[in-house]
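Notes for the one structure printed next.
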Amino acid sequence: MPATPYYLIDKSKLKSNMEKIAYVREHSGAKALLALKCFATWSVFDFMSEYMDGTTSSSLYEVKLGRQKFGKETHAYSVAYSDDEIGEVIENADKIIFNSISQLTRFADQASGIVRGLRLNPQVSTSSFDLADPARPFSRLGEWDVAKVEAVMDRISGFMIHNNCENADFDLFDQMLGNIEEKFGSLLARVEWVSLGGGIHFTGENYPLDKFCARLKAFSEKFGVQVYLEPGEASITKSTTLEVTVLDTLFNGKNLAIVDSSIEAHMLDLLIYRENAKVLPNTGDHPYMICGKSCLAGDVFGEFDFENEIKVGDRISIQDAAGYTMVKKNWFNGVGMPSIVIRELDGTERVVREFTFDDYVSSLS
Ligand SMILES: Cc1ncc(COP(=O)(O)O)c(C=O)c1O
């Protein structure tokens, strides 16, 4: 058994998401690109690429990673490209999506030989977090003025629209898409492809996949476009745990257990969005606050109920540790970075990456 902490990617759980994605591709005609911003652990890309069409990215490094490690169709998107990276981005992409008309115009010459698209912002979203809301006031994420976009239609053949956020409600997705059709219909009818972004929780339990497929197909047929989806969280949801060991227990009015990991360093996204981690089954008569080992006072994974008293040396599995975790892990406090372990379909476990003191040192200078 590898030393904790480690992220444990369970391929059989990943497979059930992949099979749903493959089903949607088959029944809707949409193509599915993994959003690398959410999950970029390339050791499972060979496996995922059997079920998905390629990757989409947010930067030069992501686009190169997608091309080199995933292959298939590679989309480049970035909030803003710089002069010294645009050439390499174009070399590594099949399509490039610009965030603004000004970037599309600025890089018109360099990008003249590649399929180009533009991000549209419908100015409504499903996000309840201002921080993650692409439609927040004064948002920089995409163009919204139809007249302005009309003026550059000769330079683009597609659009990307990302305005869903962890949206598990099909009716809300349907309503959002209706809104997009209404607002941008005249533009959509003039392009060949439309990416509807990520944030749609269609691999979740009880999501009405057939309704979803029919809606995507109807959209595609109405405008004569190839639809793309960019699932990040939906691709890897519930596939991975963060395996930790208890280092100390205390009682300070509540039972506390300190583990060999840190929410700040290893599951930062939860802290940013003020969400608790998940521990299952979370039933029993022994409530504990599970705390990280960094110096941050609020380095707390959450409060959970356990069947038994927790002792030093006990193992705990923090659930749902794939999305926006490994891509955001950091060396805060010099806390040992979790290894990455893959549980193969036959149940065997394989350590694919370990991090050492030298990695810590070489991350700084
Ligand atoms: C443009 C774009 N595509 C795809 C995604 C992936 O979203 P999710 O991981 O929620 O599916 C995001 C997330 O922010 C995004 O901004």
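We're numbering straight along the sequence, starting at 1. Reckoned from all heavy atoms, side chains included, excluding hydrogens, waters and symmetry mates.
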**Request:** Check the pair Y360 / F355 against ring-ring contact (aromatic ring centres under 6.0 Å, His included), numbers first and verdict last.
**Result:** CA-CA 8 Å; Y360 170 55; F355 300 91; over 10 Å; no
**Message:** Assess the residue pair D260 and K293 against the criterion (salt bridge (Lys or Arg N to Asp or Glu O under 4.0 Å)); give the C-alpha distance rounded to whole Å, side-chain angles, the decisive distance to 0.1 Å, and a yes or no.
**Reply:** CA-CA 6 Å; D260 57 356; K293 64 177 282 183; over 6 Å; no
**Item:** Worked check of salt bridge (Lys or Arg N to Asp or Glu O under 4.0 Å) between E344 and R350
**Value:** CA-CA 8 Å; E344 297 291 346; R350 184 163 64 93; 2.7 Å; yes
**Request:** Could you go through the salt bridge (Lys or Arg N to Asp or Glu O under 4.0 Å) check for K254 and E303 one step at a time?
**Result:** CA-CA 10 Å; K254 283 185 178 179; E303 293 185 39; 2.9 Å; yes
**Request:** Please report the C-alpha distance between K148 and E143 in whole Å, then the side-chain angles of each, then the deciding distance to 0.1 Å, and finally whether the salt bridge (Lys or Arg N to Asp or Glu O under 4.0 Å) criterion is met.
**Result:** CA-CA 8 Å; K148 281 190 187 160; E143 298 284 353; 5.5 Å; no
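When only modelled atom types and interatomic distance are considered, S239 and D10 share no side-chain donor-acceptor pair under 3.5 Å. No side-chain N or O of E264 forms a donor-acceptor pair with one of S294 less than 3.5 Å apart. If you check the side chains of S125 and D133, you find a donor sitting under 3.5 Å from an acceptor. Side chain to side chain, R155 and T105 meet the donor-acceptor criterion of an N or O pair below 3.5 Å. Donor-acceptor pairing under 3.5 Å is lacking for the side chains of K20 and Y51. E73 and Y228 are linked by a side-chain donor-acceptor pair at a separation below 3.5 angstrom, with hydrogens and angles left out of the test. When only modelled atom types and interatomic distance are considered, S317 and E243 share a side-chain donor-acceptor pair under 3.5 Å. Donor-acceptor pairing under 3.5 Å is lacking for the side chains of Y207 and D169.
D84 contributes atom CG, which lies 9.0 Å from atom CG of L60 (distance to the nearest 0.5 angstrom). Atoms CD1 and CD, from I156 and E192 in turn, are 11.0 Å apart once rounded to the nearest 0.5 Å. For the atom pair CZ (F173) and CZ (F202), the distance works out to 9.5 Å, reported to the nearest 0.5 Å. In this structure, S59 OG and Y81 OH are separated by 9.0 Å, a value rounded to the nearest 0.5 Å. Within the model, atoms CD1 of I236 and NZ of K13 stand 13.0 Å from one another, a figure rounded to the nearest 0.5 Å. The CD1 atom of I114 sits 5.5 Å away from the CD1 atom of I96 when rounded to the nearest 0.5 Å.
Looking only at side-chain heavy atoms (C-beta outward), H27 and K217 stay at 4.5 Å or farther from each other. Using a 4.5 Å cut-off on side-chain heavy atoms (C-beta onward), E354 and V341 make no contact. Counting only heavy atoms from C-beta outward, the side chains of L14 and M48 approach each other to under 4.5 Å. In this structure the side chain of N308 never reaches within 4.5 angstrom of the side chain of I310, judged on heavy atoms. The shortest distance between side-chain heavy atoms of W144 and V149 does not fall below 4.5 Å.
Cation-pi check for K37 over Y324 is not met; the charged atom does not lie both under 6.0 angstrom from the ring centroid and within 45 degrees of its normal.
Under a 4.5 Å side-chain heavy-atom cut-off, the cluster of Ile, Leu, Val, Met, Phe, Trp and Tyr residues that includes L172 is completed by V124, M176. The hydrophobic cluster of F251 has no other members, since no ILVMFWY side-chain heavy atom comes under 4.5 Å of it.
Atom CG of D285 sits in a sparse spot, with 12 or fewer heavy atoms from other residues, nucleotides or ligands closer than 6.0 Å. Under a cut-off of 6.0 angstrom, the local environment of CD in E309 is sparse, with at most 12 non-hydrogen atoms contributed by other residues, nucleotides or ligands. Annotation for K238: atom NZ does not count as buried by contact number, only 12 or fewer foreign heavy atoms lying within 6.0 Å. In the displayed structure, D109 atom CG is contacted under 6.0 Å by at most 12 heavy atoms of other residues, nucleotides or ligands. Within 6.0 Å of atom CD in E182, 12 or fewer heavy atoms from other residues, nucleotides or ligands are found, so the atom counts as exposed in its surroundings. Other residues, nucleotides and ligands place no more than 12 heavy atoms under 6.0 Å from the CH2 atom of W42. Open room surrounds NZ on K15; 12 or fewer heavy atoms of other groups in view lie less than 6.0 Å from it.
Under the side-chain hydrogen bond (donor to acceptor under 3.5 Å, both in side chains) test applied with D94, the options R67, H75, K72 reduce to a single match, R67.
Using a distance-only test at 3.5 Å, with no hydrogens or angles considered, no donor-acceptor pair links the side chain of S235 to the main chain of L34.
The shortest heavy-atom contact between R140 and V79 is NE-CG1, 3.8 Å. The two atoms that bring V279 and Q319 nearest to each other are CA-CG, 4.3 Å, heavy atoms only.
The ring of Y273 has its center closer than 6.0 angstrom to the ring center of F129.
Taking the side-chain hydrogen bond (donor to acceptor under 3.5 Å, both in side chains) definition, one finds that H162 meets it with nothing, sequence neighbours left out.
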